[in-house]
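Counting convention: from 1, in listed order, for ligands and their atoms alike. Quick note: numbers below take in every heavy atom, side chains included, and nothing from hydrogens, waters or symmetry partners.
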Amino acid sequence: MDLRLSTEQQMIVDAVRDFAQGRLAPRAAEVDATGVFPLDAIRECAALGLCAMNVPEDAGGTGVGPVAAALAIQELARADASISVTQSVTNMVAEAIWRFGNPDQWRRFIPMAAAGDYPIGAFVLTEPGAGSDATAQKTTAVLDGDAYVINGTKNFITSAAYAGVFIVMARAGKQGSKGISAFLVERGAPGMRVGKEEDKMGLRGSNTAELVFENCRVPVENRLGEEGIGFKVAMSALDGGRINVASQALGIARAALRDAVEYAKTREAFGKPIAELQAIQWKIADMATQLDAAEMLILRAAWLKQEKRPYTREASMAKLYSTEAANRAVKEALQVLGGYGYCRDYPLERYFRDCKVTTIYEGTSEIQRLVIARHTLAMIG
Ligand code: CAA
């Protein structure tokens, strides 16, 4: 057993950390305050090869592998969680195109997520009536000659207004999971428009909006995989996405722990730095221990994925534990800073707002428990 990173993995982490701390962290508060989508920073991420990290180089990605990719997402989140979610979803989309697409689709669509003016992918699954119950898709895709005609409304779509390519799940067949197919739709496709943009509590530098499909014609050759496998495309993409959301939460919480420790060493109360008070030390000990446990779960899931072994259960465990632990840690770190933590002069309140959604999107904590329980019940006995 060897828990060390390879030289290449360490180099990737160091490079992303330098970029994220140098370029993203200094403007994260401004991005949060203005809510302006940082497209220029996303383009810099693309130039660094951070959009298709699990896609091999010969298919248009950087092929660094799931372990390095998870660590890179963590580094982005330590600097600016909004950028980390945009990158996390983009990577999920690029990888799904590679995994389920044909070489022609790789050539056409992976560059739309990894290069160009809008190097961003969007994963279009959720509907007003199909969130946790993702099988309840109402959006339809009806075959008409050489194209599918898509109609319906999707909501809470990350990067809906900025993506270059969209993987759209829609019902092309009967009810249930086997009636769902996946389609590749380009930015600007006639019949696809951005609806209401959400005014969110956190991740204010990421874009989340409704997408409306009104007789949107998608050529048959844009179907991703066979008809009827769309739900499997979505679920297996989410397996990987959940590792990255876990990493995102961990990155936010590591930033919070760092800020709490720095503050505790300099803030004095009762005649000494509060870091010398046991009440504060216990908080720091719990945060540090739980964040390391989260990291171990994330790395295990990423390693299994890298080894091409099953990892659905482990990805859900990593997401459940890391996002819940990160929320606890951010709350405790804010408590260490007291009144200062509650004010916008310090980033703790932003971490608090940014972290919350990690227990909600890409499957709530309750859905992760459902997945873990189903697998565990099937494994034992
Ligand atoms: N990989 C491959 N196939 C899978 C799978 C996986 N991980 N999980 C399920 N499947 C397959 C099953 O094997 C089954 O196929 P068969 O019938 O051939 O056996 C089929 O899919 C249906 O599976 P279930 O019976 O388990 O389906 P279910 O209706 O019980 O739902 C669920 C399962 C786990 C609850 C699922 O609906 C789910 O994950 N819900 C949460 C949805 C979610 O995470 N949404 C996130 C939106 S995207 C987002 O948030 C991105 C963002 O913007 C940040």
### Query
Between Glu127 and Thr139, do the side chains contain an N or O donor and an N or O acceptor separated by less than 3.5 Å?
yes
### Query
What about the rings of Tyr361 and Phe156, do their centers lie closer together than 6.0 Å?
no
### Query
Do we see a donor-acceptor contact under 3.5 Å between the side chains of Thr312 and Asp239?
yes
### Query
Taking atom types as modelled, is there a side-chain donor on Ser132 or Glu366 under 3.5 Å from an acceptor on the other?
no
### Query
Do Lys154 and Gln137 get their side chains close enough for a donor-acceptor pair, meaning under 3.5 Å?
yes
### Summary
Pocket residues around ligand 1 (non-hydrogen, under 4.0 Å) come out as Val89, Phe123, Thr126, Gly131, Ser132, Ala134, Thr135, Thr158, Ser177, Lys178, Phe231, Lys232, Met235, Ser236, Leu238, Asp239, Arg242, Thr312, Tyr361, Glu362, Gly363, Ile367, Val371, Arg374
### Task
Determine which pairs satisfy side chain to side chain donor-acceptor pair (under 3.5 Å) with at least one residue from residues 52-62, sequence neighbours left out, and list them in order.
Asn54-Glu95
